[in-house]
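Let me begin by presenting the structure, written as structure tokens, before commenting on it.
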Amino acid sequence: MTTAAVVHGTIEAPGPCVALLTWSDDTGLVLGRRRSRDLTFRLTLAPGRYRLDVEDDRPLADPRRHGSTHVMVDLRSGDDLEQPLRLEEVTVLRGVVEANELPERHARVHVRHEDGRRWDLRTDAHGRFLAAGLPSGALSLTAYDARRSVCAAPVAVNADRPETLVRIDTPTATVAVRLTLPDGVAVPAARGSLVDTGSGQCHPLTVHDGVGAHSGLAPGSYDLVLEPSLGVLGGTFGLGPVASDEMVVTEVVVERSAVITGRVLDAATGLGLLAAPVSLIDAEGTEVERTRTDRRGAFILGRDLRTASELTVVVSGGPERRHVQRLAVADVEVRTGLRVDLGSIVLSQSCTAHWSPRLHVTAMTLPATRV
């Protein structure tokens, strides 16, 4: 039997503050956040390896903000671990952004730490920016004007963090992407991001009817990181270099995922069940995808679904049923790029819930009134 572990301790700080504690697993998935006003913490977690990050909860622009820190902890079943944490006193990052030798107000400043963490800032009306509490180490700065029409080359800032001057004088570029399937059909809808391979900066990209575009990009080399969508596999695709003041149109061919379709019918009426939950379970018993039926009782599964066997599709009764019924279709095998139709899945008759409004009328005797 596995017993939960406890990690607790105090947070030391150079001065009074509210600490923000974040804990995540060894894959980087954030599991929770908690503020501590008395600079103590106590967490009850399942056994495993965790990362604890603590930072000052004041905004970046507050020069009193303390520096953040993190630790890795390994917890075993039944552990009661005391782990002290400490906020550091770090140098404040200050600088000014100029365009045509004049301060650029409301410019966007992107800060990247040497460990990969990033922060976004804005300049004030005098073109100045400030960021306090950033972890110690080297930084890289990139800046854009408010409309992202011009940008600056990356500026390196050493650990001493002297006041930095950033000049924006390079026109930005535009990247357009056409997403098609192997048979030439346009991808109806997808989401992804354009990633600058040099700075690591990510720019969101939304695709409609096979076309997506993003402007205001700094010159450099970019990758398209595509999220899995229904019937389409995700992945990373190299787009190559993008020059200043240029519009690049790139065609990307993405692979189809496996797709499972079917209909859920009511045995009594023969009609489709609306909003019936449909789950896909893998061979290890883990739910990998969930959806609901439409008004015809039809469903489709296939978000990043690849070749697999021994899958199970579990269908439950919709919300119009008082008693939940489940039916499982086992030993489903799929192959990448192909569709598997399960046909009609019939749920046996069950007690159906009906709702009817009840009106309560009460007779009232009103006092007589003379006009």
Side-chain angles (χ1 to χ4, degrees), residues 1-13 17-58 60 65-88 90 111-120 133-137 139 191-193 195 197 199-202 204 223 225-229 233-236 257 279-291 301 303-306 308 311-312 314:
M1 180 178 177
T2 303
T3 306
V6 175
V7 56
H8 60 92
T10 59
I11 302 172
E12 299 181 17
C17 69
V18 176
L20 176 62
L21 180 68
T22 304
W23 58 98
S24 54
D25 61 14
D26 53 358
T27 66
L29 177 65
V30 175
L31 303 177
R33 291 185 174 90
R34 182 178 299 172
R35 288 177 174 83
S36 175
R37 290 173 172 79
D38 60 358
L39 299 183
T40 63
F41 69 95
R42 183 180 182 87
L43 302 176
T44 302
L45 303 171
R49 183 174 176 81
Y50 297 91
R51 171 175 169 141
L52 305 181
D53 290 87
V54 62
E55 59 182 321
D56 193 332
D57 198 36
R58 285 178 283 211
L60 283 174
R65 189 173 188 263
H66 306 312
S68 61
T69 187
H70 73 275
V71 295
M72 301 296 298
V73 294
D74 293 297
L75 300 178
R76 295 173 296 181
S77 179
D79 275 354
D80 189 347
L81 176 65
E82 182 176 2
Q83 177 63 60
L85 299 173
R86 180 179 178 81
L87 294 173
E88 304 173 350
V90 294
V111 183
R112 185 173 187 266
H113 193 267
E114 59 186 0
D115 64 4
R117 284 182 285 178
R118 293 183 292 271
W119 299 266
D120 294 331
L134 301 183
S136 57
L139 302 172
R191 293 182 180 273
S193 57
V195 181
T197 58
S199 65
Q201 189 176 351
C202 299
D223 288 342
V225 179
L226 188 65
E227 299 177 6
S229 57
L233 295 177
T236 302
S257 68
S279 303
L280 181 63
I281 312 297
D282 63 12
E284 286 74 29
T286 303
E287 181 180 282
V288 296
E289 190 174 351
R290 173 186 284 260
T291 188
L301 298 164
R303 193 176 297 273
D304 202 28
L305 184 58
R306 304 172 188 267
L311 302 176
T312 303
V314 179

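Just so we're clear, the structure is a prediction, and the values are computed from it rather than from any experiment. Throughout, numbering of the chain's residues begins at 1 and tracks the sequence.
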Checklist outcome for this item: Residues Leu233 and Ser257: closest non-hydrogen pair is CD2-CB, 3.4 Å
Item to check | Derivation of the side-chain contact (heavy atoms from CB on, under 4.5 Å) call for His113 and Val111 | outcome: CA-CA 7 Å; His113 193 267; Val111 183; over 6 Å; no
Checklist entry - Does some side-chain heavy atom of His8 sit less than 4.5 Å from a side-chain heavy atom of Thr40? => result no
Next on the checklist: For Ala13, give me all partners under side-chain contact (heavy atoms from CB on, under 4.5 Å), at least two apart in sequence or on another chain.
Outcome noted: Cys17, Leu39, His66, Leu87
Checklist entry - Which pair of heavy atoms, one from Arg76 and one from Ala5, lies closest together, and at what distance? => result O-CB, 3.4 Å
Next on the checklist: Applying salt bridge (Lys or Arg N to Asp or Glu O under 4.0 Å) as the test, list every pair that has at least one member in residues 40-53; sequence neighbours left out.
Outcome noted: Arg49-Asp74, Arg51-Asp53
Next on the checklist: Between Arg191 (side chain only) and Glu227 (backbone N and O only), is there a donor and an acceptor less than 3.5 Å apart?
Outcome noted: no
Checklist outcome for this item: Value for OG (Ser68) from CG (Leu85), rounded to nearest 0.5 Å, stands at 11.5 Å
Checklist entry - About how many Å separate CZ of Arg33 and CG of Leu20, when rounded to the nearest 0.5 Å? => result 7.0 Å
Checklist outcome for this item: Rounding to 0.5 Å, atoms CD (Glu12) and OG1 (Thr69) come to a distance of 11.0 Å
Checklist entry - Do side-chain atoms of Ser77 reach the backbone of Thr3 as a donor and acceptor pair under 3.5 angstrom? => result yes
Checklist outcome for this item: Nearest heavy-atom contact between Glu289 and Leu301 is OE2-CA, 3.7 Å
Item to check | Any Val54 side-chain heavy atom under 4.5 Å of Val71 side chain | outcome: no
Checklist entry - So, for Ala19 and Ile11, which heavy atoms are closest and what is the spacing to 0.1 Å? => result CB-CD1, 3.8 Å
Checklist entry - What heavy-atom pair brings Ser136 and Glu88 nearest, and what distance separates the two atoms? => result OG-OE1, 4.1 Å
Checklist entry - Counting N and O atoms only, with roles assigned by atom type, does the side chain of Arg118 sit under 3.5 Å from a partner on the main chain of Gly200, one being a donor and the other an acceptor? => result yes
Item to check | Leu43 CG to Tyr50 OH distance, which is reported to the nearest 0.5 Å | outcome: 10.0 Å
Item to check | Test log, rule side-chain contact (heavy atoms from CB on, under 4.5 Å), inputs Leu305 and Leu280 | outcome: CA-CA 10 Å; Leu305 184 58; Leu280 181 63; 3.9 Å; yes
Checklist entry - What pair of heavy atoms forms the shortest contact from Asp25 to Leu29, and how long is it? => result OD1-N, 2.9 Å
Checklist outcome for this item: Interatomic distance, CE@Met72 vs CG@Leu52, rounded to 0.5 Å, equals 8.5 Å
Next on the checklist: Could you measure the distance from the CD1 atom of Ile281 to the CG atom of Leu311? Nearest 0.5 Å is fine.
Outcome noted: 9.5 Å
